[in-house]
Amino acid sequence: MSAAIEAASAGVKVLVIDANEKAGGQLFKQIHKFFGSSMHRAGVRGIDIGRELLEKCEELGVEIWLDSLAIGIYDNLRVAVDRKTGFNEHKMILVEPKKIVIATGASENAVRFPGWTLPGVMGAGAAQTMINFHRVLPGKKVLTIGSGNVGLIVSYQLMQAGAEIEGIVEALPKINGYAVHASKLTREGIPIYTGYTVLEAHGKERVSEAVIAKVNPDWSTIPGTEKTIEVDTIAIAAGLKPLTGLAHMAGCQLTFDRFLGGWAPIHNEHMETTVPGIYIAGDSTGVEEANTAIEEGKLAGTAIAASLGYLDEKEADALQEAAWERLKGLREGAHGAERTQAKEHQLHAYAEYMERRGEVG
Ligand SMILES: Cc1cc2nc3c(=O)[nH]c(=O)nc-3n(C[C@H](O)[C@H](O)[C@H](O)COP(=O)(O)OP(=O)(O)OC[C@H]3O[C@@H](n4cnc5c(N)ncnc54)[C@H](O)[C@@H]3O)c2cc1C
């Protein structure tokens, strides 16, 4: 949406395609106040940022197709879309834009253990979608795997929605997310089992208990430390990885970095990938935060407006420079050095690749 706003503000005609029933991605699940500096919207709830972006899109006349899935990108920037055309009605449509921004976000990592396919075992993001978006409690007795910010925030929100959090299991020797989120849970007496992992889940029609055990530093389990916990839900918060399917299919070059969640498309400073005309922004080019996704969207949007002749170069350069400054500030937080290095690596990898192809200007 921020790429759309930036391009549409300059006069570009924009179409947003989203598989969900509402545009805005994860923001409409984030009922908590964002962390970070006030310059970067800290203290504002994700849902409010989403609302503002939606209103701005509306004001600028950005067209949005909802419940519509982009299923492929073919030669000459053709996008195949399974578009919702009515109640229970979909139609395949080929859209032929001049430029494309891929901002498909990320998908959740799974943790495999005996019993992981039982009903009630789900990604923490799925649990968050159920409570904050669909207003359905996934279960009453929850065990969360992973104490990163997603695990901590989703556990707290499940608790606010009426579930009992039986515990949070973390294989690392210490809590992985921000202390501010962890302390909200520990104040409520919720145990956070650091140095533990989940061994297996049991149940007939759905999960009814989880067995956890202590781990050695190499994550092998320590026999005799098993603990059985009665649960009806296991929420797995073991990290996210960029959703790269469309970019990969379009032939965009990818690079691997564990600090960005794994494989992600490389791009230049305008967020253009190695396929001319295809831009990328947000978690789909490395899992970070909503604020960085918004700034990357702005970079893509202004670059597109400039390349289509809707913004003069000087104006576009100034907007891009300001967005890069803000990004630099945002990447000074947790794992800042590693994230900055990983993002720089993406830029270098792009330059190297284009040089090999003889296309760098
Ligand atoms: C529990 C939790 C707490 C968080 N807290 C914070 C916080 O406090 N501060 C912060 O800055 N960030 C936070 N984040 C991170 C933030 O939500 C994400 O980094 C951000 O939403 C990424 O934006 P995005 O636009 O790249 O992807 P998303 O928000 O995931 O949006 C991707 C969109 O693409 C659509 N899509 C995907 N594939 C297709 C397709 N093929 N066709 C059509 N549509 C498609 C999806 O439906 C979705 O709407 C949090 C995340 C979680 C899970």
Side-chain angles (χ1 to χ4, degrees), residues 1-4 15-37 40-50 53-54 64-73 79-84 95 100-109 123-129 131-133 144 146 148-158 177-178 180-181 235-250 260-261 264 271 280-298 300 327 330-331 333-334 339:
M1 286 202 296
S2 86
L15 167 65
V16 173
I17 293 162
D18 202 292
N20 271 332
E21 61 204 69
K22 189 168 187 176
Q26 304 289 316
L27 285 174
F28 285 102
K29 296 194 247 165
Q30 311 307 352
I31 57 171
H32 62 283
K33 290 182 178 167
F34 272 16
F35 33 80
S37 76
H40 298 121
R41 322 294 297 278
V44 182
R45 295 180 199 278
I47 42 170
D48 293 328
I49 300 175
L53 292 172
L54 263 185
I64 303 181
W65 291 359
L66 297 175
D67 276 322
S68 300
L69 186 71
I71 61 162
I73 299 178
V79 186
V81 182
D82 182 7
R83 184 185 180 187
K84 182 173 183 164
V95 184
I100 297 171
V101 181
I102 299 176
T104 45
S107 64
E108 294 187 90
N109 293 329
Q128 196 189 33
T129 307
I131 43 170
N132 293 351
F133 203 81
T144 303
N149 285 321
V150 172
L152 297 175
I153 291 170
V154 174
S155 297
Y156 188 69
Q157 291 177 354
L158 279 162
Y178 292 146
V180 59
H181 296 311
I236 302 172
L240 301 157
K241 55 177 164 296
L243 256 183
T244 57
L246 285 175
H248 198 196
M249 179 179 187
L260 297 178
M271 305 311 294
I280 190 116
D283 280 357
S284 55
T285 184
V287 175
E288 292 194 89
E289 286 160 9
N291 299 322
T292 45
I294 286 171
E295 293 303 335
E296 288 187 341
K298 286 183 183 170
L327 272 173
L330 285 167
R331 288 182 180 135
R339 272 160 67 199

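Numbering of ligands and ligand atoms starts at 1, following listing order.
- Not one N or O on the side chain of E296 forms a donor-acceptor pair closer than 3.5 Å with the backbone of M271.
- The contact set between ligand 1 and G282, taken as ligand atoms under 4.0 Å from a residue heavy atom, comprises 26 (O).
- The OG1 atom of T144 sits 12.0 Å away from atom CD1 of I153, with the distance rounded to the nearest 0.5 Å.
- Of all atoms in ligand 1, numbered sequentially from 1 with element shown, those under 4.0 Å from a heavy atom of A70 are 40 (C), 41 (N), 42 (N), 43 (C).
- The distance criterion of under 3.5 Å between nitrogen or oxygen atoms is met by D283 with respect to ligand 1.
- On a distance-only criterion, L240 and ligand 1 share no N/O pair closer than 3.5 Å.
- A distance of 10.5 Å separates CG of N20 from CZ of F28, quoted to the nearest 0.5 Å.
- For a threshold of 3.5 Å applied to N or O pairs, the pair formed by K33 and ligand 1 contains no separation below that value.
- Considering backbone and side-chain atoms together, V150 places no N or O closer than 3.5 Å to any N or O of ligand 1.
- Every atom of ligand 1 is numbered from 1 in the order shown, and the set under 4.0 Å from a heavy atom of I17 is 43 (C), 44 (N).
- Numbered from 1 in the order shown, with element, the atoms of ligand 1 that lie under 4.0 Å from a heavy atom of G105 read 26 (O), 27 (O), 30 (O), 32 (C).
- Counting only heavy atoms from C-beta outward, the side chains of E295 and R331 never approach each other to under 4.5 Å.
- Looking at S284 next to ligand 1, no N or O pair under 3.5 Å apart turns up.
- The atoms of ligand 1 that sit less than 4.0 Å from any heavy atom of H32 are 3 (C), 4 (C), 5 (N), 6 (C), 7 (C), 8 (O).
- Residue D18 places at least one N or O, backbone or side chain, under 3.5 Å from an N or O of ligand 1.
- The distance from atom CD1 of I47 to atom NE2 of H32, rounded to the nearest 0.5 Å, is 10.5 Å.
- Atoms CG and CE, from L54 and M1 in turn, are 4.5 Å apart once rounded to the nearest 0.5 Å.
- Contact atoms of ligand 1 toward N291: 11 (O) (distance under 4.0 Å to a heavy atom of the residue).
- Interface of N20 with ligand 1, defined as ligand atoms under 4.0 Å from a residue heavy atom, comprises 47 (O), 49 (O).
- Remark: among candidates E21, Q26, Q128, Q30, the nearest residue to atom 14 (N) of ligand 1 is Q30, based on non-hydrogen atoms.
- Contacts of E288 with ligand 1, taken as heavy-atom pairs under 4.0 Å, involve the backbone alone.
- In this comparison of I73, L69, T285, the heavy atom closest to atom 40 (C) of ligand 1 sits on L69.
- For A103, the closest heavy-atom approach to ligand 1 falls below 4.0 Å.
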Donor-acceptor list for residues 66-73 side chains, cut-off 3.5 Å, not counting sequence neighbours:
{"unit_1": "S68", "atom_1": "OG", "unit_2": "L66", "atom_2": "O", "d": "2.8"}
{"unit_1": "S68", "atom_1": "OG", "unit_2": "K84", "atom_2": "N", "d": "3.1"}

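- No N or O atom of L243 sits closer than 3.5 Å to an N or O atom of ligand 1.
- Every atom of ligand 1 with a heavy atom of T104 under 4.0 Å away is listed here by number and element: 32 (C), 34 (O), 37 (C), 38 (N), 39 (C).
- Side-chain atoms of K298 and S2 form no donor-acceptor pair, as typed in the model, at a separation below 3.5 Å.
- Looking only at distances, no side-chain donor or acceptor of T285 sits under 3.5 Å from a matching main-chain atom of I280.
- Considering CG of L260 and CZ of R339, their distance stands at 8.5 Å, rounded to 0.5 Å.
- A donor-acceptor pair is defined here as one N or O able to donate and one able to accept, closer than 3.5 Å; no such pair exists between the side chain of D18 and the backbone of W65.
- Panel note: side chain N149, backbone Y178; a donor-acceptor pair is recorded below 3.5 Å.
- In this structure, S68 counts as a contact residue of ligand 1, since one of its heavy atoms falls inside 4.0 Å of the ligand.
- Not a single donor-acceptor pair under 3.5 Å links the side chain of Q157 to the backbone N or O of N132.
- At a 4.0 Å cut-off, not a single heavy atom of M1 sits close enough to ligand 1 to count as contact.
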